[in-house]
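Heads up: the structure comes next, in structure tokens.
All chains are named by letter (A, B, ...) in the order of the sequence lines, taking the proteins before the strands, and each is independently numbered beginning at 1. Just so it is clear, the model here is predicted, and its values are computed rather than measured.
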There are 2 protein chains.
Amino acid sequence: MSKSTETRNYIMQKSFDLIYQKGYQATSIDDIIATTNMTKGAFFYHFKNKEQMGLELISELLYPSMYEIMVKPLIESKDPLTAIYEMMERLLNDEDFFNADYGCPAINLMEEMSPINNTFKKALSKLVLSWKDSIVSAIQSAQPLGLVKPHVSPEEVAVMVISGYGGVRGLGKVIGRKAYTTYLAGLKSYLNQL
Amino acid sequence: MSKSTETRNYIMQKSFDLIYQKGYQATSIDDIIATTNMTKGAFFYHFKNKEQMGLELISELLYPSMYEIMVKPLIESKDPLTAIYEMMERLLNDEDFFNADYGCPAINLMEEMSPINNTFKKALSKLVLSWKDSIVSAIQSAQPLGLVKPHVSPEEVAVMVISGYGGVRGLGKVIGRKAYTTYLAGLKSYLNQL
DNA sequence: GACATAAGATACTACTTAGTATGTTTTGCA
DNA sequence: TGCAAAACATACTAAGTAGTATCTTATGTC
């Protein structure tokens, strides 16, 4: 990796961390160059402006890493229901990438930016829609196998699961990690009854 | 109502609207005095500073109105499960107070402010905890009546319902109101199976 | 090793921000 | 009706904001 792309990645990673903790709008370019020990010249050499940097953050950092943990485990799984539960368990128990106090970086950006920036909204909707699709497919594939009752709506389940995740990430910000464990228990009963 | 408290209420109501649409940090005092046609002198006569105004917004406007629609319907209800469902239905279908693009003002503030301001966090946790308590009590009261299976954990149900609500408000920002209707259908099946 | 360009640094600008100091007007009440 | 205090207005400040213009240094290539 060239020195140039190395610093670019470094700026993006640090920006990601700051935005994750403080929010996109509350993170200033001065913040970013301060924590990276870079200068404005470096930042604006690598990125057209702050918005462009944010969008590249989503497509190059957020989307791929979230796809890996949220979507991929659901594709090609013999046991879709436990795959969904274990995906959620890994997601909520990953304390390296996530911090209960700060919630989920993807959800945070959705909450903050969707209402005020249509480009962000579209970029983020890709992520949520591909997650939804993978859950719908998982349930659909489970039904002919008799693992999920035939009258169950895969769309409804997907919305329930996604909403549950987004909501418990917000709840965790307020009442802490215990929200996660309680939610996971509730999710297990929910999935078992489908 | 005196003229003074009238303008105070007016400032608070307009501030509430702005914060609901743009977020707390993105709403400047200049924004507020511009949309109210007031001046800085008026604002700082009625409020010590921006933070204090936000906190009074929560305790005087947000908490009471949310309590009315979220908590009250669950107290003294003969049929707790349908009470929960109908509460959620009213909450999500109220298009006067809420806008799908902007989500829920309480959830928004939780998402934005809990990680960065402990006073906001504590004020907002009151709301979410009293909601949780009322759901727990509703389920508990339903169990001896045979309306909810005895092995069901009221705490788990409460966390599922609250997370579902918070999450679907975020999802609605991205994919629109159809998230609400799908979620409500999913919630109904979930509650019926308890 | 020269030298063109990439990569980064410095110093600015124009604007916005929360908050203050000090002014003027309105209002209740003796 | 006079007048003190409440209610509001005006004009500032100091710090922060995204972005630009221009400079210097590093790096690959012939």
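In terms of phosphate contacts, Thr7(B) brings a side-chain nitrogen or oxygen within less than 4.0 Å of OP1 or OP2 of dC8(D). The phosphate of dT17(D) (OP1 or OP2) has a side-chain N or O of Ser28(A) nearer than 4.0 angstrom.
Val136(B) and Trp131(B) fall into different hydrophobic clusters, where Ile, Leu, Val, Met, Phe, Trp and Tyr residues are linked whenever their side-chain heavy atoms come under 4.5 Å apart, directly or through other members. No path of Ile, Leu, Val, Met, Phe, Trp and Tyr side chains, each step under 4.5 Å between heavy atoms, connects Ile135(B) with Leu147(B), placing them in separate hydrophobic clusters.
One interatomic measurement links the two molecules: CE of Met53(A) to P of dG19(D), which rounds to 10 Å at whole-angstrom precision. Atom CD1 of Ile11(A) is separated from atom P of dA7(C) by 12 Å (rounded to the nearest Å). The interatomic distance linking Lys22(A) (NZ) with dT17(D) (C1') rounds to 12 Å, in whole Å. Taking atom CD1 of Ile29(B) as the reference point, atom C1' of dA18(C) lies 5 Å away to the nearest angstrom. Across the protein-nucleic acid pair, Arg8(A) atom CZ and dA6(C) atom C1' stand 15 Å apart, rounded to whole Å.
Crowding of Lys188(A) atom NZ: a count of heavy atoms from other residues, nucleotides or ligands under 6.0 Å not exceeding 12.
Judged by distance alone, the side chain of Glu155(A) and the main-chain N or O of Thr182(B) form no donor-acceptor pair under 3.5 Å.
Taking the six-membered ring where tryptophan is involved, the planes of Phe16(A) and Phe97(A) are tilted, since the angle between them lies from 30° to 60°.
Proximity of residues 31-52 of chain B to DNA chain D (heavy atom under 4.0 angstrom from any strand atom) is restricted to Thr39(B), Lys40(B), Gly41(B), Ala42(B), Tyr45(B), His46(B).
The residue from Pro80(B), Ser153(B), Pro154(B) that alone fulfils the side chain to side chain contact (heavy atoms under 4.5 Å, CB included) condition with Ile139(B) is Pro154(B).
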